[in-house]
There are 2 protein chains.
Amino acid sequence: MDAIDTKIIDLLSADAKRSLADIGASVGLSPSSVNERVRRLTASGVIRRFTVDLDPVQTGMQTLVFVWIALRDDADEDAFRAYAAAHPLILECHHVTGAWSYLIKLRVGDTTRIEPFLADLKSRRFVGRSETVLALSSPVPGALVRKDDA
Amino acid sequence: MDAIDTKIIDLLSADAKRSLADIGASVGLSPSSVNERVRRLTASGVIRRFTVDLDPVQTGMQTLVFVWIALRDDADEDAFRAYAAAHPLILECHHVTGAWSYLIKLRVGDTTRIEPFLADLKSRRFVGRSETVLALSSPVPGALVRKDDA
DNA sequence: ATCCATTTCCGAAAAATATGCAGCACATGT
DNA sequence: ACATGTGCTGCATATTTTTCGGAAATGGAT
């Protein structure tokens with residue numbers, strides 16, 4: 001992970017379809033050298049995968065929601081984590097410091113989808129209390145990338 | 001955006017380096033047809049870009065932080081949004097419902113980097129109050145993808 | 001400083017992949 | 001029935017990736 005690797009990652013982040021020759025020209029290396037570096041970055045796990053950044057609107061996932069979760073005292077925490085990992089709407093789930101125990105980030109098509117989501121969480125007896133926060137607009141939206149569960 | 005497009009996007013999400021022939025075999029189309037569909041998906045903006053998913057640890061951004069922000073009454077909100085968009089550590093910034101006005105998601109190398117970050121926010125007179133939440137672990141970590149600011 | 005071992009790089013050939021296009025099939029609306 | 005538009009295929013071509021031998025650079029150790 002030297003300066004050239006960093007630059008290669010920057011370039012791939014912006015456009016992973018750029019050719020090895022293009023990248024080579026930018027970093028001052030031959031295509032084969034760039035190839036070898038990308039191979040190593042992938043093998044070592046710095047690059048986890050090549051993927052696509054999608055438009056939330058056109059994929060029908062317009063509404064961004066954060067849900068703070070306080071687990072029930074008797075909740076099966078492992079089961080909750082597995083549930084979160086498998087849930088198609090849940091983009092992220094973090095165990096966090098502070099008054100709440102978990103923070104879930106999810107995307108839904110519209111706000112009507114939130115209530116069933118919360119109802120399901122409660123019916124599975126994971127949640128004690130929860131607090132839902134909607135994103136109204138996003139000065140820095142972040143990328144939309146599918147979960148890596150292949 | 002028919003069922004085949006959806007499947008192509010699923011396949012590309014999991015591995016954007018898969019060849020057109022491979023994808024074609026999975027969806028029952030010739031390579032050229034897949035090529036044309038990918039071209040259209042990109043042109044129409046469904047696919048925003050091809051990119052890479054990185055390992056936070058190996059990129060030195062181990063610590064995930066959420067910061068709730070209440071802007072000062074006299075804060076220049078446009079300036080704040082521009083600042084957030086340009087800030088290298090800020091992965092996301094959302095205007096949200098609830099008691100706080102903004103939610104910022106950022107990654108830092110270690111917790112010592114948080115204080116300077118907050119200090120900078122305050123010195124620019126954006127922030128009234130703020131609350132910082134650290135992610136301790138992430139059952140669903142989400143992808144790490146660089147911001148699209150090329 | 002010199003030597004050796006290791007790594008990294010390059011260039012050229014070969015393999016794989018993407019691209020562009022003509023022609024065909026199918027559906028839609030007139 | 002006809003014309004129009006759209007999407008698909010298969011082929012030819014262009015581009016890109018991959019491989020590999022040998023050269024250059026790097027990094028210790030003496």
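Order of the sequence lines sets the chain letters (A, B, ...), proteins ahead of strands, with each chain counted from 1.
Whole-Å rounding puts the Leu29(B) CG to dG7(D) P distance at 11 Å. Glu36(A) places its CD atom 16 Å from the P atom of dG11(C), with the value rounded to the nearest Å. Taking atom CG of residue Asp22(A) and atom P of nucleotide dT15(D), one finds them 12 Å apart after rounding to whole Å. One atom, CG of Asp5(A), and another, P of dT7(C), lie 15 Å apart when rounded to the nearest Å. Counting to the nearest Å, the P atom of dT26(D) and the CD1 atom of Ile4(A) are 11 Å from each other. In this structure, the CG atom of Asp2(B) is 15 Å from the P atom of dT6(D), given to the nearest Å. Rounding to whole angstrom units, CZ of residue Arg18(B) and P of dA18(C) are separated by 12 Å. What separates CZ of Arg39(B) from P of dG20(C) is a distance of 9 Å, to the nearest Å.
Each of Ile104(A), Val127(A), Val96(A) was compared with Trp68(A) under the side-chain contact (heavy atoms from CB on, under 4.5 Å) criterion, and only Val96(A) meets it.
Residues Arg81(B) and Ser137(A) bring a donor and an acceptor atom of their side chains to less than 3.5 Å of each other.
Look at Arg40(B) and you'll find a side-chain N or O under 4.0 angstrom from OP1 or OP2 of dG7(D). Proximity of Asn35(B) to the phosphate of dA18(C): no side-chain N or O atom is located under 4.0 Å from OP1 or OP2.
Taking His87(A) as the reference, Tyr83(A), Phe117(A) meet the ring pair (Phe, Tyr, Trp, His ring centres under 6.0 Å) condition, with sequence neighbours excluded.
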Exercise for the section: Show your working on salt bridge (Lys or Arg N to Asp or Glu O under 4.0 Å) between Asp74(B) and Arg125(B) and close with a plain yes or no. Expected result: CA-CA 8 Å; Asp74(B) 62 342; Arg125(B) 311 211 159 253; over 6 Å; no
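Ser33(B) comes within 4.0 angstrom of a base, heavy atoms only. Backbone-only contact: Ser19(A) has heavy atoms under 4.0 Å from sugar-phosphate atoms and none from a base. Arg37(B) comes within 4.0 angstrom of the backbone, heavy atoms only, and of no base.
Because its NZ or CZ atom is not both nearer than 6.0 Å to the ring centre of Phe66(B) and within 45° of the ring axis, Lys105(B) does not count as a cation-pi partner of that residue.
Sequence order on DNA chain C of the closest nucleotides to Ser30(A) and Pro31(B) puts Ser30(A) first from the 5' end.
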